[in-house]
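What follows is a single structure, written as structure tokens, with notes after it.
What you see is a predicted model; the values in this text were computed from it and never measured. Every heavy atom of this structure was used, including side-chain atoms; hydrogens, water molecules and symmetry mates were not.
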Amino acid sequence: MSKHWVNPLKDPQDKRLPRIAGPSGMVIFGVTGDLARRKLLPAIYDLANRGLLPAGFALVGFGRRDWSKADFEDYVHEAVRAGARTEYRANVWERLAEGMHFVSGNFDDDAAFDALAQQLADLDASRGTAGNWAFYLSVPPNFFDDVVHQLDRSEMARGSDGSWRRVIIEKPFGHDQATARDLNRVVNSVFPEDSVFRIDHYLGKETVQNIMALRFANQLFDPLWNANFVDHVQITMAEDIGLGGRAGYYDGIGAARDVIQNHLLQLLALVAMEEPIIYNPRELRAEKIKVLRATAPVYPLSKSTARGQYTAGWQGSERVVGLRDEDGFDPESNTETFAACTLQINSRRWAGVPFYLRTGKRLGRRVTEIAVVFKQAPHLTFDEQMTSAQGPNALVIRVQPDEGVLMRFGSKVPGSTMEVRDVNMDFAYSEAFTEESPEAYERLILDALLDENSLFPTNEEVELSWAILDPILEYWENRGKPEDYPAGTWGPESADRMMARDGRTWRRP
Ligand code: BG6
């Protein structure tokens, strides 16, 4: 194509320039929770430190505590000192702290929400936030209804004179497709879909966005990216941590709902979708929706899925307890801490290529990766002995840690004979770039303030993801306890059997 060709869909703005949020503020519900303390508050400071928030940015906490402005500042200060990625600068902190306020109340308390509305109006006047507010619901979904209806009643859900109001929500987005629909209905009854920002923090990770760069900015990979060349795809999200302290959220939820429904299916969508005609939110989402709609479990589920629960074991040199002995878990809990499934994508590009997804707690090590494993060459010049040490070619996108991309292929072993063995060609972010990657939440909070919604799943994506998972969850529902696996291993034996039946094995990352 001629380099003078101009794509009429492209917006002429230079996308490499840093994007700075315009006048605005954020209200956090659930600000004393774990997520706010560990991720959201440090990310807000990091954004301010990078000069990406407006000078008059305001941060309002809403919660039950009877806190003054000074108490709230102390709390945020502690969270920032403990969790910020960038260096601490007193002047940045002081400017941010000036715009901090706390409103005390319950979610069913009309007077508290009226006080919040008054606080926002005061800040609009004193800080120049211009009526632009994002409401971050860092609360369990059973409170969404109360909060969005209070925002509606107190007239905070709609801006006036061209100002905007947005809502940012955190998973779990329902328990299955039906409850996700109900939840979406509640949120969309007050906030139109283009004002709703659903967080899937995996989409905020640099390496996840790089999947699109890798596929669509290069010529090298796309010709191979289909059923003619790809044997299968493995998506692994392994964690070494256990669930101590998280019983309230996790018991009854389990690994599939916690991680496969959102993070892993979003990774699958990015790996498998067709190329959007242009990189913008609408086109990107349209492609993700298409591929999710074409995705379904492989049957029979007795053979194509596996689930497990960790028992006591060794995590490195540490002796750790099993799930049933973790604080707060029902000793009879059937909650799975490991889940694996086999999916198929019914499209010309992917027909016959299994996508194996697995995730688990207390596994051998923390690693998230996507391995695209290629077929054997249809004909080999070398005899079998020469290539006996060679496995299939693979392209591995390492989401974390050691972020990068690895290509695995056969190479001649130096010497007088022809012997081929696997080698790795490795791209590491830390070596190729001097810039440090921002935290996922920095990117996502900034994007929400900028009204840039590419990295936020829509209601339709969420419901389609549940539609893929629901049959598997139903199948597991009546099958009692998941299979045991000792902490520090790679999951239950049924996960290996699931692969062995297809003549394949999991990668040991
Ligand atoms: C969350 C899950 O969405 O992702 C947690 O609820 C999990 O169970 C976490 O530990 C992992 O995130 P990350 O960014 O550390 O891979």
Side-chain angles (χ1 to χ4, degrees), residues 202-240 259-260 263-273 291 338-343 345 349-350 353-360 363-377 387 389-411 420-433 437 440 490-491 495-496 498-500 502-509:
Y202 264 60
L203 297 180
K205 294 182 191 269
E206 288 287 328
T207 37
V208 173
Q209 293 157 39
N210 191 40
I211 298 170
M212 291 181 279
L214 185 87
R215 293 191 55 200
F216 306 133
N218 297 303
Q219 175 70 336
L220 186 57
F221 306 108
D222 186 64
L224 305 178
W225 215 259
N226 56 57
N228 295 330
F229 297 97
V230 175
D231 178 73
H232 70 279
V233 177
Q234 301 187 9
I235 305 182
T236 298
M237 176 184 162
E239 294 184 280
D240 51 8
V259 163
I260 295 185
H263 308 325
L264 297 199
L265 284 175
Q266 284 290 326
L267 294 182
L268 173 141
L270 293 174
V271 168
M273 71 184 184
V291 76
F338 177 99
C341 59
T342 314
L343 303 178
I345 299 176
R349 184 187 284 273
W350 294 117
V353 178
F355 281 68
Y356 301 107
L357 275 49
R358 67 172 163 169
T359 183
L363 297 185
R365 61 176 277 230
R366 173 175 180 256
V367 60
T368 299
E369 64 163 45
I370 301 160
V372 179
V373 181
F374 292 91
K375 292 185 170 165
Q376 294 288 3
T387 56
Q390 194 192 353
N393 294 165
L395 180 88
V396 182
I397 300 168
R398 275 197 317 262
V399 174
Q400 67 188 25
D402 309 325
E403 290 78 357
V405 180
L406 177 146
M407 234 192 292
R408 192 163 173 77
F409 54 88
S411 185
V420 180
R421 201 183 293 161
D422 283 331
V423 293
N424 291 333
M425 199 155 84
D426 209 343
F427 146 64
Y429 271 80
S430 57
E431 283 168 20
F433 299 109
S437 296
W490 283 93
D496 293 328
M498 174 185 127
M499 293 295 266
D502 289 356
R504 300 186 174 102
T505 50
W506 290 110
R507 275 173 46 81
R508 285 281 178 261

If you measure from [atom1] on [X] to [atom2] on [Y], what distance do you get to the nearest 0.5 Å?
X	Y	atom1	atom2	result
Phe409	Met425	CZ	CE	5.0 Å
Leu268	Ile370	CG	CD1	9.0 Å
Thr207	Leu214	OG1	CG	11.5 Å
Gln266	Ile260	CD	CD1	14.0 Å
Gln400	Thr368	CD	OG1	4.0 Å

Should [X] and [Y] count as side-chain neighbours, where that means a heavy-atom distance under 4.5 Å?
X	Y	value
Pro354	Arg504	yes
Ile397	Val208	no
Trp225	Arg349	yes
Leu406	Phe427	no
Arg358	Met498	no
Leu357	Leu265	yes

Would the distance check show the side chain of [X] and the main-chain N or O of [Y] forming a donor-acceptor pair, the cut-off being under 3.5 Å?
X	Y	result
Thr359	Met237	yes
Trp350	Val291	no
Trp490	Arg508	no

Point to revise | From CA spacing to verdict: side chain to side chain contact (heavy atoms under 4.5 Å, CB included), Val373, Val233 | key: CA-CA 6 Å; Val373 181; Val233 177; over 6 Å; no
**Study point:** Note: Arg365-Glu239 ion pair, threshold 4.0 Å (strictly below)
**Key:** no
Check your understanding: Would you call Asp426-Arg408 a salt bridge at under 4.0 Å N-O?
Key -> no
Point to revise | Test of ring centre spacing under 6.0 Å for His232 and Tyr356 | key: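 For His232 and Tyr356, the ring centres are under 6.0 Å apart.
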Review point. Should Tyr429 and Arg398 be marked as a side chain to side chain contact (heavy atoms under 4.5 Å, CB included) after you check the CA-CA gap, both sets of side-chain angles, and the distance that decides it?
Key: CA-CA 10 Å; Tyr429 271 80; Arg398 275 197 317 262; over 6 Å; no
Check your understanding: Parallel under 30°, tilted from 30 to 60°, perpendicular over 60°: which one fits the rings of His263 and Tyr202?
Key -> parallel
